[in-house]
2 protein chains.
Amino acid sequence: MSKDTLPGLTLCNNAMLRRAARKLGQFYDDVMAPSGLKATQQGLLYQIHIGNEPAMGAIAASLIMDLSALGHTLKPLIRDGYVETFADPDDRRIKRVRLTPRGLVKLDEAMKLWSVAQQRFEDVVGKDQAAKLRAALDDIAALDFDLPAS
Amino acid sequence: MSKDTLPGLTLCNNAMLRRAARKLGQFYDDVMAPSGLKATQQGLLYQIHIGNEPAMGAIAASLIMDLSALGHTLKPLIRDGYVETFADPDDRRIKRVRLTPRGLVKLDEAMKLWSVAQQRFEDVVGKDQAAKLRAALDDIAALDFDLPAS
DNA sequence: CGTTAATGGTGGCATATGCCACTAAATGAA
DNA sequence: TTCATTTAGTGGCATATGCCACCATTAACG
């Protein structure tokens, strides 16, 4: 097979997913820029907000994110005073996370912008299509790739 | 609306996309680990391979990636001797990229592992479903979110 | 021509993510 | 109780990505 006829990267599920994520990330980030938050940060603040002073491990699990990666991502938010952490009194290994009042205000501000981006996205691709896409992505997130231990 | 009844992050198209990308990335990376390449690097080598000594800008455009981000990502691959760059003789602003022989060998090795991951993914989600997903992701990558300039 | 504008990349800085080695704390077994 | 094991996070290091300011080159225009 000549190099010229090799299929493009369009065949790789992972590459396509990353590519779409870059594209959509740029769009959401653009819209949210006035808040000073990236879309990832808004998502993280929101996740913390809807949790009940969630433990770091719990957040990482919901987001399917490495625990240490979460720790890193949290740092700028703590530095900027949007988030604070405290040890769980019943198990001092566990560190819980909550929004500060300042963080709550910032989240409100960011959510307004998020709505704009979200709305615009759904206008462009269609509400149904968007819902289907999210469902498909949710399925992927739930997949188990382990070979069944026979 | 009480905090307890707020919808999860499942509603955000962008967050879901990133989450699925983390999940799938971890899987592909795991499978490709023996090659010493990350899935992103394999994808980049492949993109360079199928291009005709592509210019950096061309690669960045196909991957919907920031040009400077591409430059950064390329560095470890150049350092490890998989890739080399050279100025286009007709326009010295343009820097073209190609695989070294070593890079070609490494790509072959990585592609074998990639096939394993790709195959496993399609076994789990179904070949049709995977194709539909890639099509949907390709559509997203092609979207234009600009408001029509009236 | 020569000045101006547009194009293609680089480097610095910042966030996003992951892996690994290591520490502290809680659990379980002897 | 005491020691091995498991659990929850941290810090260091590396890649992934983006934005912005800046440089070199080329194209455009008067």
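What you see is a predicted model; the values in this text were computed from it and never measured. So that the names make sense, note that chain A is the first sequence line, chain B the second, and so on, each numbered from 1.
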Student: Does Q26(A) put a side-chain nitrogen or oxygen below 4.0 Å from OP1 or OP2 of dG18(D)?
Tutor: yes
Student: What residues from residues 100-119 of chain A pass a heavy-atom cutoff of under 4.0 Å to DNA chain C?
Tutor: none
Student: I need the residues from residues 68-77 of chain A with at least one non-hydrogen atom less than 4.0 Å from DNA chain D; give them sorted by number, or say none.
Tutor: S68(A), H72(A), K75(A)
Student: Compare every heavy atom of M56(B) with every heavy atom of L70(B), then report the nearest pair and how far apart it is.
Tutor: CD2-O, 3.2 Å
Student: dG9(D) C1' sits how many Å from L67(A) CG, rounded?
Tutor: 6 Å
Student: Tell me which of D66(B) and D66(A) sits closer to the 5' end of DNA chain C, going by the nucleotide each one is nearest to.
Tutor: D66(B)
Student: Roughly, in whole Å, what's the span from CE in M32(A) to P in dA16(C)?
Tutor: 11 Å
Student: Could you tell me how far apart D88(A) (CG) and dA24(C) (P) are, to the nearest whole angstrom?
Tutor: 19 Å
Student: Taking CG from D29(B) and P from dT15(D), how many angstroms apart are they, rounded to a whole number?
Tutor: 13 Å
Student: Taking for each residue the nucleotide of DNA chain C with the nearest heavy atom, is it D30(B) or Q41(A) whose nucleotide lies nearer the 5' end?
Tutor: Q41(A)
Student: Separation of K38(B) atom NZ from dC19(C) atom P, in whole Å?
Tutor: 8 Å
Student: Under 4.0 Å between a side-chain N/O of R79(A) and OP1 or OP2 of dT15(C), yes or no?
Tutor: yes
Student: How many whole angstroms separate atom CD of Q42(B) from atom C1' of dT15(D)?
Tutor: 16 Å
Student: When we call it a touch if two heavy atoms are under 4.0 Å apart, what does I94(B) touch: a base, just sugar-phosphate, or nothing?
Tutor: sugar-phosphate
Student: Report yes if a side-chain nitrogen or oxygen of R92(A) is closer than 4.0 Å to either non-bridging phosphate oxygen (OP1 or OP2) of dT23(C); otherwise report no.
Tutor: no
Student: Can you say whether a donor on the side chain of R22(B) sits under 3.5 Å from an acceptor on the base of dT17(C), or the other way round?
Tutor: no
Student: Would you tell me if any nitrogen or oxygen in the side chain of R18(A) comes within less than 4.0 Å of OP1 or OP2 on dT17(D)?
Tutor: yes
